[in-house]
Amino acid sequence: MIPESSSVVASHALPIWQKMLNQAFRDPEALLNYVQLNDPARLLAARQAAKLFPLLVPQGYAARMRKGDPNDPLLRQVLPLAAECETTPGFSNDPVGDLAAVQQSGILRKYHGRALLISTGACAIHCRYCFRRSFPYNDQHAAQAQWQHTLTFLRQHNDIEEVILSGGDPLSLSNQRLAPLLEGLATIPHIKRLRLHSRLAVVLPERIDTELLQLIAASGKTHVHVIHANHANEINHEVVLALRALRNAGAHLYNQTVLLRGVNDSIDAQVNLAENLFAHGVQPYYLHLLDRVQGAQHFEVPEAEALALWQNLQAQLPGYLLPRLVREIPGELSKTWVAR
């Protein structure tokens, strides 16, 4: 996946968030030096794993990591490890059945009344547990032909009431690329809601700029913005400001978390995350069991253990702060609730 900001545009012409993305860590040695963990064995493993799935970490996100701590929960989400090079039975390159759900290039339909657009293959960060780390983005993205085919498809299917922008990360697209899509969606009366799944408010909050907020406010659709925070340490002052700006633009904010071994598989981590999210206007929504993508098996928390953790979480949090514990099973008509 190649960030859009790597295009040959003069750096002085780029908005601040794209300049920051250009400066992101892409070399394992540079990241390990920054977090004061550069030993030969760790570097060798990181380089081997990064050949399968490249490293990409914004400097602002790395600044929230604890220096000298190999178990820092933010570092563990992004540092390539030797375990990624292992092949594990039961794990695959398409763990949620995306390819079977493709209707036309970049458009997936799994659930009633909704269409998901693979808007781009680019992200601002490469999470090592990404369930689309092997997705064929070159063949499947909805931005082909400047959204024309995508908008035609949506106009022809009046049973679609909600459009979900996914990727990659849709906010890795520039405002200039997003504007024609949002303007086109505004002209389709049967689409009631626009849902945007993005990690950028968390990992690169500078992306939530004035022009983007104006696009959202002017879209004419109910805007649901699903962020992706896995740990309370991800939420710093800049993230809080970005979340506030999204709310002020009229977005409804929800969070999806992936339950990850060694990152957030404790009661304290989950309680702190839920409390922190809600304090800043974000509703805890889903706690996902790991999608079993090849290369991420070391993150998996067994279902029985996850359920026990969720039950303890239920005893400590009010119901409105308790995320639903779910997994995605290919071919099912909705997420499967492990616990409500």
Side-chain angles (χ1 to χ4, degrees), residues 96-98 101-104 106-124 130-132 135 140-143 147 150-151 153-155 157-173 175 177-203 207-208 212-229 242-243 245-258 277 281-288 291 323-324 326 328 332-335 337:
V96 298
D98 277 342
V102 171
Q103 296 283 294
Q104 73 171 42
I107 301 178
L108 279 61
R109 296 203 67 183
K110 294 184 180 182
Y111 307 138
H112 176 74
R114 283 155 282 178
L116 184 146
L117 309 187
I118 302 292
S119 55
T120 176
C123 287
C130 177
F131 68 93
R132 290 197 181 118
F135 190 81
Q140 298 291 341
H141 65 89
W147 308 113
T150 296
L151 290 168
F153 178 91
L154 294 172
R155 290 189 184 100
H157 291 78
N158 58 14
D159 60 320
I160 296 174
E161 296 185 339
E162 179 173 276
V163 171
I164 304 166
L165 301 191
S166 185
D169 193 306
L171 290 189
S172 63
L173 294 172
N175 295 323
R177 293 283 302 282
L178 280 173
L181 174 63
L182 299 184
E183 291 165 0
L185 291 173
T187 68
I188 304 177
H190 57 263
I191 294 175
K192 299 177 180 177
R193 292 179 302 278
L194 174 63
R195 190 187 341 161
L196 197 150
H197 285 234
S198 176
R199 191 133 158 77
L200 268 79
V202 174
V203 303
R207 174 64 185 98
I208 311 303
L212 174 65
L213 295 168
Q214 291 171 342
L215 286 174
I216 291 172
S219 69
K221 306 295 181 183
T222 299
H223 184 85
V224 177
H225 196 101
V226 182
I227 71 168
H228 177 183
L243 297 175
L246 285 167
R247 292 199 314 275
N248 290 341
H252 302 265
L253 300 184
Y254 295 85
N255 181 64
Q256 293 191 139
T257 295
V258 180
L277 287 167
V282 183
Q283 182 68 47
Y285 176 36
Y286 279 154
L287 177 59
H288 275 274
D291 293 319
R324 299 167 181 170
V326 300
E328 183 163 355
E332 292 295 318
L333 298 180
S334 68
K335 297 290 190 296
W337 291 18

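For the numbers below, each heavy atom of this structure counts, side chains included, while hydrogens, waters and symmetry mates do not.
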Heavy-atom side-chain contact between S119 and L173 under 4.5 Å: yes
Reported CG-to-CG distance for the pair L181 and L194, which is rounded to 0.5 angstrom: 7.5 Å
Mutual orientation of the aromatic rings belonging to F153 and H157 [parallel < 30°, tilted 30-60°, perpendicular > 60°]: parallel
Shortest non-hydrogen contact from E332 toward Y111: O-CE2, 3.4 Å
Check: R132 and I118 side chains under 4.5 Å, non-hydrogen atoms: yes
Closest non-hydrogen atom pair, T257 against A229: OG1-O, 2.8 Å
Electrostatic pair D169:R207 at N-O distance under 4.0 angstrom: no
Atom of A179, atom of L215 and distance for their closest heavy-atom approach: CB-CD2, 3.9 Å
Heavy-atom side-chain contact between H252 and Q283 under 4.5 Å: no
Residue pair I227, L277: steps toward the side-chain contact (heavy atoms from CB on, under 4.5 Å) verdict: CA-CA 10 Å; I227 71 168; L277 287 167; 3.9 Å; yes
Inter-residue atom distance D159.CG - H112.NE2, 0.5 Å rounding: 7.0 Å
Side-chain donor/acceptor of R247 to backbone N/O of A245, under 3.5 Å: no
Gap between atom CG of L182 and atom OG of S219 - 0.5 Å precision: 6.5 Å
Euclidean distance, L117 CG relative to I107 CD1, rounded to 0.5 Å: 6.0 Å
Separation of I208 CD1 from L246 CG (nearest 0.5 Å): 4.5 Å
Residue H190 excluded, over 12 heavy atoms near NE2 under 6.0 Å: yes
Close side-chain approach of L196 to V226, heavy-atom, < 4.5 Å: no
Heavy-atom side-chain contact between L178 and L171 under 4.5 Å: yes
Smallest separation among heavy atoms of L154 and I160, with atom names: CD2-CD1, 3.8 Å
Given K192, R109, R193, the one that forms salt bridge (Lys or Arg N to Asp or Glu O under 4.0 Å) with E162: R193
Least distance between heavy atoms, A122 atom then S172 atom: O-OG, 2.9 Å
CG on L108 to CD1 on I164, rounded to 0.5 Å: 10.0 Å
K110: partners by side chain to side chain donor-acceptor pair (under 3.5 Å), with sequence neighbours left out: D98, E328
Contact check, side chains of V258 and D291, non-hydrogen atoms, under 4.5 Å: no
R324 vs K335, side-chain contact (heavy atoms from CB on, under 4.5 Å): CA-CA, chis, key distance, verdict: CA-CA 10 Å; R324 299 167 181 170; K335 297 290 190 296; over 6 Å; no
Nearest non-hydrogen partners of T150 and Q104, listed with the distance: N-NE2, 3.9 Å
